[in-house]
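The block underneath contains the structure these notes are about, expressed in structure tokens.
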Amino acid sequence: MSDLRGGTAELPPGLEQAARGPEFTELRTGAGACRSLLGTHGVGRIAVSTDSRPVVVPVDHSVVDGAIVFRTASGTTPPSAVGHQVAFEVDRIDDAFSRGWSVLVRGRGRAVTDPDEARRLADAAHSGPWAGGERDLWVRVETRTVTGCRITVCRSRRRRPNTPRANGPYRAASRTPL
């Protein structure tokens, strides 16, 4: 009840413990469910390989015409996605109710070089860059695969027959083209 009244509003996230009976359920309704969830959040994480190591950084994104797009600045880490295989993840975790979801997209990063397309993306974007500053390079993730799962609290001790074991959200998830 304290959580619902805002009693823990000033605490940093992640202090709660995992529920005793977590249940990972693959998003079976296909890419539509994953795409719908991707569009509900403005900040995701892009995983890219750099010359020295793999890096994961947050980016504000939009889903436009079914594709993940984000704007960035030259000389930063996110442009490393251009021309390479990347992973992009968005998730939602509710500590108070021990539930959430996660969507993982894998694909290739492509720079948006057409000025008309860049203008259209800017018009369709949900917000300006959350980090501030000038962000004039648009990147589109050309989706190869998308997987997703929901995490809920198991209501009984018996696991449902079609539910993957709790070894991670992507272990049993199928690869569905977006």
Side-chain angles (χ1 to χ4, degrees), residues 14 18 22-72 76-94 98-114 117-118 120-122 124-127 129-131 135 137-154 159-178:
E23 189 173 277
F24 293 91
T25 306
E26 178 183 346
L27 289 172
R28 296 176 189 266
T29 55
C34 291
R35 187 181 302 118
S36 175
L37 292 172
L38 283 169
T40 64
H41 278 55
V43 177
R45 287 164 303 286
I46 187 88
V48 298
S49 291
T50 65
D51 291 336
S52 60
R53 64 194 179 281
V55 179
V56 178
V57 293
V59 293
D60 63 321
H61 75 283
S62 294
V63 177
V64 178
D65 299 332
I68 298 164
V69 295
F70 61 91
R71 70 181 119 193
T72 187
T76 63
T77 300
S80 299
V82 173
H84 296 95
Q85 294 297 316
V86 298
F88 182 84
E89 183 183 49
V90 176
D91 49 33
R92 166 84 165 83
I93 303 298
D94 184 333
S98 297
R99 64 182 176 202
W101 54 263
S102 184
V103 174
L104 176 67
V105 173
R106 294 181 187 114
R108 187 169 194 82
R110 180 179 68 82
V112 175
T113 56
D114 178 49
E117 185 181 0
R120 188 175 67 78
L121 294 176
H126 301 298
S127 64
W130 64 272
R135 307 281 189 262
L137 172 63
W138 280 95
V139 177
R140 175 186 304 275
V141 177
E142 295 175 338
T143 302
R144 183 176 50 92
T145 62
V146 60
T147 56
C149 72
R150 288 196 185 279
I151 305 158
T152 56
V153 176
C154 185
R159 194 174 61 81
R160 290 190 290 182
N162 292 330
T163 303
R165 297 197 186 278
N167 323 13
Y170 303 112
R171 183 172 173 86
S174 65
R175 293 183 175 180
T176 307
L178 185 61

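What you see below is based on every heavy atom in this structure, not just the backbone, and it leaves out hydrogens, waters and symmetry mates.
A salt bridge links Arg120 to Asp65: one of the charged nitrogens lies within less than 4.0 Å of a carboxylate oxygen.
Remark: Thr76 pairs with Thr72 by the side chain to side chain donor-acceptor pair (under 3.5 Å) rule, at least two apart or across chains. Considering only residues two or more places apart in sequence or on other chains, Phe88 meets the ring-ring contact (aromatic ring centres under 6.0 Å, His included) condition with His61. Residues satisfying the side chain to side chain donor-acceptor pair (under 3.5 Å) test with Arg45, not counting sequence neighbours, are Glu89, Asp91. Partners of Gln85 by side chain to side chain donor-acceptor pair (under 3.5 Å), not counting sequence neighbours: none found. Under the side-chain contact (heavy atoms from CB on, under 4.5 Å) criterion, Thr50 pairs with Val48, Ser52, Arg53, Val55, Thr77, Ser80, not counting sequence neighbours. Partners of Asp51 according to the side chain to side chain donor-acceptor pair (under 3.5 Å) rule, which considers only residues two or more places apart in sequence or in another chain, do not exist here.
Among Thr147, Val141, Val86, the one residue that satisfies the side-chain contact (heavy atoms from CB on, under 4.5 Å) test with Val105 is Val141.
Residues Ser62 and Leu121 have side chains not in contact (no heavy-atom distance under 4.5 Å, counting atoms from C-beta outward). Contact of the Leu137 side chain with the Val139 side chain is registered, since non-hydrogen atoms from C-beta on lie closer than 4.5 Å.
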**Prompt:** After noting the C-alpha distance and the side-chain angles of Glu117 and Val64, does the key distance pass the side-chain contact (heavy atoms from CB on, under 4.5 Å) rule?
**Reply:** CA-CA 11 Å; Glu117 185 181 0; Val64 178; over 6 Å; no

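Contact record, Ala67 with Arg140: CB-NH1, 3.2 Å, taken as the closest heavy-atom pair. The nearest pair of heavy atoms linking Pro78 to Phe70 is CB-CE1, 3.7 Å. When every heavy atom of Val43 is checked against every heavy atom of Pro58, the shortest pair comes out as CG1-CB, 4.1 Å. Shown here for Arg71 and Ala122, the closest heavy-atom pair between the two residues is NH1-CB, 4.3 Å.
For the atom pair CD1 of Ile93 and CH2 of Trp101, the computed distance is 9.0 Å after rounding to the nearest 0.5 Å.
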